[in-house]
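This report concerns only the one structure given below.
Scope of the values below: all heavy atoms of this structure, side chains included, with no hydrogens, waters or symmetry mates. A note on names: the letters A, B, ... follow the listed sequences, proteins ahead of strands, and every chain is numbered from 1.
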Amino acid sequence: MSTVAALPRDEDDLVRTLNEWFRHAARDLPWRRAGFGAWGILVSEVMLQQTPVVRVIPRLAEWLERWPTPADLAATPQSEAIRAWAGLGYPRRALRLHACAVAIAERHDGIVPRDVDELLALPGIGDYTARAVAAFAYGDRHPVVDTNVRRVLARCIDGQGEPAPPNARRDLAAMDAVLPHGREEARVFNAAAMELGAVVCTARSPRCDVCPVADMCAWRAAGHPAYLGAKRAVQKKYEGSDRQVRGTLLRELGAVHRPLSAEELEPLWPDAAQRDRALAGLLADGLAVTTDEGYTLPQ
DNA sequence: AAGACGGGGGT
DNA sequence: ACCCCAGTCTT
């Protein structure tokens, strides 16, 4: 025996510590409960695309009670999915989730696919969601990288206060490099890294005082240096934006349960040019359709 | 690579 | 006011 026993690598230490922390500190979220089901996981992940956890929880329960399987949603008019999405934001997701249900019902015998490439081929399922479903619903080992994970890796591993702009190939490789090889450990670590970013290693004011991996954090070790990279573009104001107009029109189209004429749309937004632009956008997205009676939600 | 796409809550 | 949120798709 010529070699000394290898000391635990930093990654192993990180995994062990974070997973142990997760096992007792994790929030009790619905989609983490045993037997939640792949369809429920998929719906939750789509809802969680840019909508905060606390707002998703009650709406997810409504959806799954109403549409317990992909076939149930697939058999429903698109208009009902759009109405049931109200308030969650980015309503195109409702349309894509409906299309996703149709695709699963027709092409996958009503079973949520397990293969990442098959998941990626579904409407509204991108790099994050495909791997989240494969990892959390089926327990397979895939790097799951969301905004929380990117921030945790940037700080803990790279010593940067903020992640670089998203790059799927690079981000997935970075997570894969620290992901343990065992399926169960990998599944837990994906969730644990996300959880750390969501409740401890937060974007605005990280709670390093309660962080379980503070003593192995490269950013902390470096003295919390300020982020030197390019700032993210400031997002446009929502008040008065085209987005607000779209939301206003769509909400009304869903509320009245009948087609609305162009004249009936006028009082909803005084600026005609902006109103027309928003309406055209809704039509282009398939969130609204034109009939002989006027504008309405798609069937 | 950059921009569009909701809407609410925290700071 | 500004930032952020378990992103995806299009150009």
Would you classify P165(A) as touching base, sugar-phosphate or nothing, given that sugar-phosphate means primed atoms plus P, OP1 and OP2, and contacts are heavy atoms under 4.0 Å?
-> nothing

Quick one: which of dA6(C), dA4(B), dC4(C) gets closest to the side chain of E45(A)?
-> dA6(C)

With nearest nucleotides of DNA chain C determined for L120(A) and R151(A) from heavy-atom distances, which residue corresponds to the more 5′ nucleotide?
-> R151(A)

Charged N-O contact under 4.0 Å between R23(A) and E185(A) = yes

In whole angstroms, how far is the C1' atom of dA1(B) from the CG atom of N167(A)?
-> 10 Å

With a non-hydrogen cut-off below 4.0 angstrom, is R27(A) in contact with a base, only sugar-phosphate, or nothing?
-> base

Should the pair R258(A)-E264(A) be classified as a salt bridge under the 4.0 Å nitrogen-to-oxygen rule?
-> yes

Nearest-Å distance for atom pair CG/P, residues L48(A) and dT8(C) = 11 Å

How long is the line joining CD of Q235(A) and C1' of dA2(B), in whole Å?
-> 15 Å

Could you tell me whether R169(A) atom CZ has more than 12 heavy atoms of other residues or ligands within 6.0 Å of it?
-> no

Nearest whole angstrom, please: distance from the C1' of dG7(C) to the CZ of R93(A).
-> 8 Å

Strictly under 6.0 Å, is that where the ring centroids of W67(A) and W39(A) end up?
-> no

So what does W85(A) hit on the nucleic acid, given a heavy-atom distance under 4.0 Å: a base, only sugar-phosphate, or nothing?
-> nothing

Atom CE of M194(A) to atom P of dC5(C): distance rounded to whole Å?
-> 13 Å

Which value, in whole Å, describes the distance between the P atoms of nucleotides dG3(B) and dA6(C)?
-> 24 Å

Which listed nucleotide (dC5(C), dA6(C), dA4(B)) is nearest to the side chain of A203(A)?
-> dC5(C)

With H108(A), which residues qualify under ring-ring contact (aromatic ring centres under 6.0 Å, His included), at least two apart?
-> none

Base, sugar-phosphate, or nothing: which does T51(A) touch, judged by heavy atoms less than 4.0 Å apart?
-> base

dG3(B) phosphate, OP1 or OP2: any side-chain N/O from K236(A) under 4.0 angstrom?
-> no

State whether the distance check finds a donor on one side and an acceptor on the other, under 3.5 Å, for side chain R204(A) versus base dC3(C).
-> yes

Polar side-chain atom of W63(A) near backbone of A84(A) as donor-acceptor pair, under 3.5 Å | yes

Calculate the interatomic distance between Q244(A) atom CD and dG7(B) atom P; express it in whole Å.
-> 8 Å

Can you check whether V145(A) reaches D127(A) side chain to side chain, under 4.5 Å on heavy atoms?
-> no

Sub-4.5 Å side-chain heavy-atom contact between P30(A) and F36(A) | yes

Atom OH of Y238(A) and atom C1' of dG10(B): how far apart are they, to the nearest Å?
-> 18 Å

Reckon K237(A) touches a base, only the sugar-phosphate, or nothing at all at heavy-atom distances under 4.0 Å?
-> nothing

Within less than 4.0 Å of OP1 or OP2 of dC4(C), is there a side-chain N or O belonging to R232(A)?
-> yes

Between dG8(B) and dT8(C) - P atom distance, rounded Å | 23 Å

Just call it for I125(A): base, sugar-phosphate, or nothing, with non-hydrogen atoms closer than 4.0 Å on any strand.
-> sugar-phosphate

CD of Q50(A) versus C1' of dC3(C): gap in Å, rounded?
-> 13 Å

Expressed as a whole number of Å, how far does the C1' atom of dA1(B) sit from that of dC5(C)?
-> 22 Å

Comparing V54(A) and R96(A) on DNA chain C - which has the more 5′ nearest nucleotide | V54(A)

Report the base-pairing partner of dG8(B) (Watson-Crick or G-U wobble, both distances below 3.5 angstrom), or none.
-> dC4(C)

Side chain of Q49(A) (C-beta onward), nearest among dG7(B), dG6(B), dT8(C) = dT8(C)

Is T129(A) touching bases, backbone alone, or none of the nucleic acid, heavy atoms closer than 4.0 Å?
-> sugar-phosphate

Which part of the nucleic acid, if any, lies within contact of G126(A), taking any heavy atom under 4.0 Å across all strands shown: a base, the sugar-phosphate backbone alone, or nothing?
-> sugar-phosphate

Side-chain donor or acceptor of R55(A) under 3.5 Å from a matching atom on the base of dG7(B)?
-> yes

Base, sugar-phosphate alone, or nothing: which one does R32(A) contact when heavy atoms must sit under 4.0 Å apart?
-> base

How is D285(A) classified with respect to the nucleic acid when contacts are heavy atoms under 4.0 Å: base, sugar-phosphate, or nothing?
-> nothing

Please work out if L287(A) contacts a base, only the sugar-phosphate, or nothing of the nucleic acid, heavy-atom cut-off 4.0 Å.
-> nothing

Determine the Euclidean distance between corresponding C1' atoms of dG7(B) and dT10(C); express it in Å to zero decimal places.
-> 22 Å

Are any of R246(A)'s side-chain N or O atoms less than 4.0 Å away from OP1 or OP2 of dA4(B)?
-> no

Considering heavy-atom distances to DNA chain B, does P52(A) or A233(A) have its closest nucleotide positioned more toward the 5' end?
-> A233(A)

